[in-house]
Participant: 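Once you've had a glance at the structure underneath, I'll fire off some questions.
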Amino acid sequence: MAAAQTAHDNRGTEIVLLDMRELTPVFDYFLLATGSSRRQLHAISEEIDHILEGKLGDSRMGIEGYRESRWILLDYGNVVIHLFDEEVRGFYALEELWSGATRVPLPWDEEERDEDRDEAPAADSTDDASDGDA
């Protein structure tokens, strides 16, 4: 959750946390997030690394794709983090590949749904029948 929150705090989009424990013994969670630029993907990955290693004591086991910055993979053993640009995320479609995984609810998802409900126009309860001016 700390990595997901960090991606969210750094304006990552389409953040998805997948619980992989029922599907594979290799890792427990996949975190997927999209960034809008190389600079943003670098910032998200560096900040996640700072939080997980520096504050939580997790050791990163590997990193791939940082130089190319279209798909950065951070491997922390039980959590694998995938940071994509929009095109690469759509091409690889990991959510579809691992569609059997349970999506972990993220706090801001519910907040955004509540905001969408608040902003939706209220249904007009007045009679829309024509008054004969057709």
Participant: Under 30°, 30 to 60°, or over 60°: which ring-plane class applies to Trp98 and Phe27, parallel, tilted or perpendicular?
Facilitator: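 Perpendicular: the ring planes of Trp98 and Phe27 meet at over 60°.
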
Participant: Give me the atom names and distance for the closest heavy-atom approach of Ile44 to Asn10.
Facilitator: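 The answer is CG1-CB, 3.7 Å.
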
Participant: Does any non-hydrogen side-chain atom of His42 lie less than 4.5 Å from one of Ser69?
Facilitator: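 Ser69 vs His42: side chains touch.
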
Participant: Any idea how His82 and Phe30 line up, ring-wise: parallel (<30°), tilted (30 to 60°), or perpendicular (>60°)?
Facilitator: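 If you compare the ring of His82 with that of Phe30, the planes turn out perpendicular.
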
Participant: Please name the pair of heavy atoms, one in Ile81 and one in Leu83, separated by the smallest distance, quoted to 0.1 Å.
Facilitator: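 Scanning both residues, the minimum pair turns out to be CG2-CD2, 3.8 Å.
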
Participant: Under 4.5 Å between any side-chain heavy atoms of Tyr66 and Ser45, yes or no?
Facilitator: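 When only atoms from C-beta onward are counted, Ser45 and Tyr66 do touch, with a gap below 4.5 Å.
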
Participant: Count the heavy atoms of every other residue, nucleotide or ligand shown that sit under 6.0 Å from CD of Glu46, and state whether that count exceeds 12.
Facilitator: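 Counting other residues, nucleotides and ligands, CD of Glu46 exceeds 12 neighbours.
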
Participant: Not counting sequence neighbours, which residues clear side-chain hydrogen bond (donor to acceptor under 3.5 Å, both in side chains) with Gln5? List them please.
Facilitator: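 In terms of side-chain hydrogen bond (donor to acceptor under 3.5 Å, both in side chains), with neighbours along the sequence ignored, Gln5 is linked to Asp9.
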
Participant: Would you list the pairs meeting salt bridge (charged side-chain N to carboxylate O under 4.0 Å, His left out) in which at least one residue belongs to residues 14-30, sequence neighbours left out?
Facilitator: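 Matches after skipping sequence neighbours: Asp19-Arg21.
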
Participant: Could you check if a side-chain atom of Leu106 sits within less than 4.5 angstrom of a side-chain atom of Met1, using non-hydrogen atoms only?
Facilitator: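 In short, these two side chains touch, coming nearer than 4.5 Å.
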
Participant: Please determine if Glu68 and Arg38 form a salt bridge, counting it only when a charged side-chain N lies under 4.0 Å from a carboxylate O.
Facilitator: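 No.
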
Participant: Are Asp49 and Arg60 close enough for a salt bridge, meaning some N to O gap below 4.0 Å?
Facilitator: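 Looking at Arg60 together with Asp49, the answer is yes, because their closest N to O distance falls below 4.0 Å.
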
Participant: Does Glu64 CD have over 12 foreign heavy atoms under 6.0 Å away?
Facilitator: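 Incorrect, the count does not exceed 12.
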
Participant: Please examine the side chains of Leu17 and Arg103, heavy atoms only from C-beta on, and report whether any two atoms are closer than 4.5 Å.
Facilitator: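 Arg103 does not reach Leu17 side chain to side chain.
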
